[in-house]
Amino acid sequence: MNDKILMSGNEALAEGAIRAGCKFYAGYPITPQNELTAYMAVNLPKAGGIFIQAESELAAINMVFGAAAAGARAMTSSSSPGISLKQEGISYIAGAELPSVIINVMRGGPGLGNISPSQSDYFQATRGGGHGDYHCLVLAPSSVQESLDLMPLAFNLADKYRTPVMVLSDGMLGQMMEPVSVHSPQSTVHSKKLPEKKWALTGCRGRKPNVVKSFYMQEGGLEKFNLSLQKKYSEIRNKEQRFEMTNVKDAEVIIVAYGIMARIAKSAMQDLNNAGRKVGLIRPVSLWPFPKNAFREIEKSKHFKSFLVVEMSYGQMIEDVLLSVADKSKVDFLGRSGGGIPAEAEIIDKLKKIIRR
Amino acid sequence: MKKIIKRPRALKDVPTHYCPGCGHGIAHRLVAEVIDDLGIREKVIAVAPVGCAVIAYDYWDFDCSEAAHGRALAVATAIKRVRPENIVFTYQGDGDLAAIGANETLHAANRGENLTVIFINNAIYGMTGGQMAPTTLLGQTTVTTPDGRISQIHGYPLKISEILATLPGVKYVERVSLTSPPEIIKAKIAIKQAFKNQMDKIGFSLVEILSACPTYWGMSANDALSWMKGTMSKEFPLGRIK
Ligand SMILES: Cc1ncc(C[n+]2csc(CCOP(=O)(O)OP(=O)(O)O)c2C)c(N)n1
Ligand code: SF4
């Protein structure tokens with residue numbers, strides 16, 4: 001049976017969320033993610049969920065806080081300036097340990113910027129973004145199919161660790177259309193092993209009252225709580241690194257790129273492979289935790305010269321690559337932003353220069 | 001001796017952190033009594049504010065959520081939509097509900113969410129040390145209006161209840177005061193009405209409670225009550241608004 005349908009990346013994220021059992025969505029319009037909100041408005045209620053067009057991003061993320069506190073699988077989506085507004089709420093969600101999913105379909109910044117695709121919110125996504133000592137788990141799809149497939153994982157990770165999970169897409173991936181297999185094995189819910197939500201607010205019948213909060217006034221209380229958060233984050237660092245490696249064995253240069261940029265980089269890699277050049281690719285799928293493990297083996301290879309980090313920013317993920325290689329390897333960079341996208345030809349040029357060096 | 005009044009089941013047997021003469025403690029108790037009277041303690045979900053009542057959940061004995069400053073009605077909207085069978089209410093100060101949260105307040109009210117709102121108007125920001133609130137009276141001195149609130153500079157006291165009453169989604173608005181036992185009984189009746197409305201699925205109900213902040217008004221508890229009766233109730237007239 002051919003079950004492929006044509007959809008945009010934004011629609012695939014929405015469909016993936018519904019298939020993952022998302023029961024609550026609140027959002028506020030912003031380009032280039034509006035198809036996602038519209039898809040949710042039509043399809044979430046049909047699947048028994050609740051859709052609200054909020055009065056602002058602040059309201060939307062705090063609605064997600066409330067829905068998650070009440071035990072529902074809850075999600076919001078936005079694009080860069082809207083995600084900046086959501087940071088207050090994301091910090092509270094992390095502090096109250098509420099599972100929820102936040103999608104950022106990145107556009108150009110800073111400020112109002114433009115509506116072109118960009119990857120310049122990497123720091124904001126992976127470093128906390130809001131106030132306090134917290135992290136979001138961050139997943140980055142690089143195709144429309146993967147936009148669909150990563151959503152059940154995003155919700156399961158959120159529930160497993162009681163933490164906000166951010167899915168980082170961009171305006172190009174969000175708007176492009178590709179045939180998608182809606183019944184791919186990854187796109188189904190597999191949440192059987194998840195813990196029960198005994199902490200959720202349901203009314204205190206037959207039990208002690210539950211309190212959802214992030215406020216710790218007693219001396220030492222917040223430090224104790226933050227240490228427990230850090231313990232959770234170190235477990236996530238150990239267990240949830242995700243990446244794809246292609247042709248890295250014997251490679252002279254290995255490109256590091258994520259999201260849509262990795263798709264473009266992969267074409268460049270294949271072109272050079274066809275010409276007999278040894279070029280490989282590491283594509284981080286989890287941006288936090290950053291997949292440090294991917295870099296370990298490669299550095300031992302004798303042929304290896306350098307990593308080339310390619311980003312739709314002026315260098316943000318490169319800092320995680322530099323931390324991962326800890327001065328042991330050479331790291332080159334190619335980046336553009338504000339609507340400029342490193343083209344396949346530019347990447348090939350850069351790779352050739354590195355190989356000749 | 002016959003016991004005619006006892007601690008409400010919905011209120012924990014712990015001392016509160018409020019200043020002497022503060023209205024928050026009385027308002028907490030009234031909410032707890034109403035919840036007991038209506039037999040809904042095991043169905044209630046409260047959303048506590050950011051303000052002096054930030055740890056209301058340490059005193060109430062039922063499920064509670066925090067909310068970021070001003071966002072209580074966004075949080076409550078979602079809780080109620082996810083769990084329509086529960087009774088959901090917010091408890092918010094005037095800074096929380098009428099300043100930083102004015103947008104969330106206006107829109108939850110305009111959507112006609114079937115929620116109960118307990119709105120504590122003490123005409124000042126208590127928790128942060130007595131700054132001007134949207135509800136601060138003209139001429140009232142606060143740490144940020146050292147020469148008194150002046151309309152040309154600071155605008156006029158914001159009458160949230162009157163504003164919300166104009167919205168079709170809002171079903172019940174009443175302003176009460178905690179100045180004397182009869183007024184406190186009226187306050188309890190209004191709070192009960194606001195909860196009953198939610199149980200009967202009537203819609204958005206708000207009770208504005210004039211409440212003393214002797215500490216930052218710079219008054220004795222007694223003077224604070226007189227000021228509320230004389231000056232504050234003139235600016236914010238008591239009674240049913242909608
Ligand atoms: C985003 C944000 N801004 C400011 C504050 C600081 N803050 C805490 S309580 C408060 C005012 C509370 O006043 P009100 O709602 O009138 O309650 P009261 O303390 O008078 O009971 C402010 C400004 C905060 N916690 N969060
Ligand atoms: S500062 Fe004012 S509002 Fe806060 S507890 Fe004291 S009297 Fe009450």
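The figures here come from the full heavy-atom set of this structure, side chains too, leaving out hydrogens, waters and symmetry mates. A note on names: the letters A, B, ... follow the listed sequences, proteins ahead of strands, and every chain is numbered from 1. All of these numbers come straight from a predicted model, not from anything done at the bench.
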Going through the checks in order, is the ring-ring contact (aromatic ring centres under 6.0 Å, His included) test met by Tyr92(A) and His69(B)?
-> CA-CA 11 Å; Tyr92(A) 275 74; His69(B) 193 25; 10.0 Å; no
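Looking only at atom types and distance, the side chain of Ser80(A) has a donor-acceptor partner in the side chain of Asp121(A) under 3.5 Å away. A donor atom on one side chain and an acceptor atom on the other are found under 3.5 Å apart for Gln193(B) and Asn197(B). Side chains of Glu174(B) and Tyr172(B): a donor on one and an acceptor on the other come within 3.5 Å. A donor-acceptor pair shorter than 3.5 Å can be found between the side chains of Asn34(A) and Thr31(A). A donor atom on one side chain and an acceptor atom on the other are found under 3.5 Å apart for Gln124(A) and Ser84(A). Under 3.5 Å, the side chains of Asn114(B) and Gln198(B) contain no donor-acceptor pair of N or O atoms.
Heavy atoms closer than 4.5 Å to chain B are found in the side chain of Glu88(A), but not in its backbone. Within the 4.5 angstrom heavy-atom criterion, only side-chain atoms of Thr77(B), from C-beta onward, approach chain A. There is no contact between Leu106(B) and chain A, counting heavy-atom distances below 4.5 Å. Looking at Phe215(A), both its backbone and its side chain come within 4.5 Å of chain B, counting heavy atoms on both sides. Contact annotation for Ile45(B): only side-chain heavy atoms (C-beta onward) come within less than 4.5 Å of a heavy atom of chain A. Only the side chain of Arg83(B) comes within contact range of chain A, judged by heavy atoms closer than 4.5 Å. Residue contact with chain B, scored on non-hydrogen atoms closer than 4.5 Å, involves the backbone and the side chain of Thr202(A) alike. Proximity to chain A (any heavy atom under 4.5 Å) is restricted, for Arg111(B), to the side chain, taken from C-beta onward. Both the backbone and the side chain of Asn103(B) have a heavy atom closer than 4.5 Å to some heavy atom of chain A.
Chain A forms the most heavy-atom pairs under 4.5 Å with one residue out of Glu85(B), Arg81(B), Arg41(B), Glu66(B), and that residue is Glu66(B). Taking chain A as the reference chain and counting heavy-atom pairs below 4.5 Å, the highest number among Asn110(B), Asn86(B), Val75(B) is found for Val75(B). Counting heavy-atom pairs closer than 4.5 Å to chain A, the top-ranked of the candidates His107(B), Arg71(B), Glu104(B), Lys80(B) is Arg71(B). Looking only at heavy-atom pairs under 4.5 Å with chain B, the residue among Ile52(A), Leu201(A), Val211(A) that has the most is Leu201(A). For the set Val44(B), Ile40(B), Val54(B), Val47(B), the count of heavy-atom pairs under 4.5 angstrom toward chain A peaks at Val54(B). Among Ser65(B), Gly101(B), Ala76(B), the residue making the largest number of heavy-atom pairs under 4.5 Å with chain A is Ser65(B).
When ring centroids are compared, Tyr59(B) and His17(B) come within the 6.0 Å threshold.
Summarising the geometry of Phe51(A) relative to Thr37(A), their closest heavy-atom pair is CE1-O, 3.4 Å, with the distance given to 0.1 Å.
Annotation: Phe123(A), atom CZ; neighbour count of heavy atoms from other residues, nucleotides and ligands within 6.0 Å is above 12.
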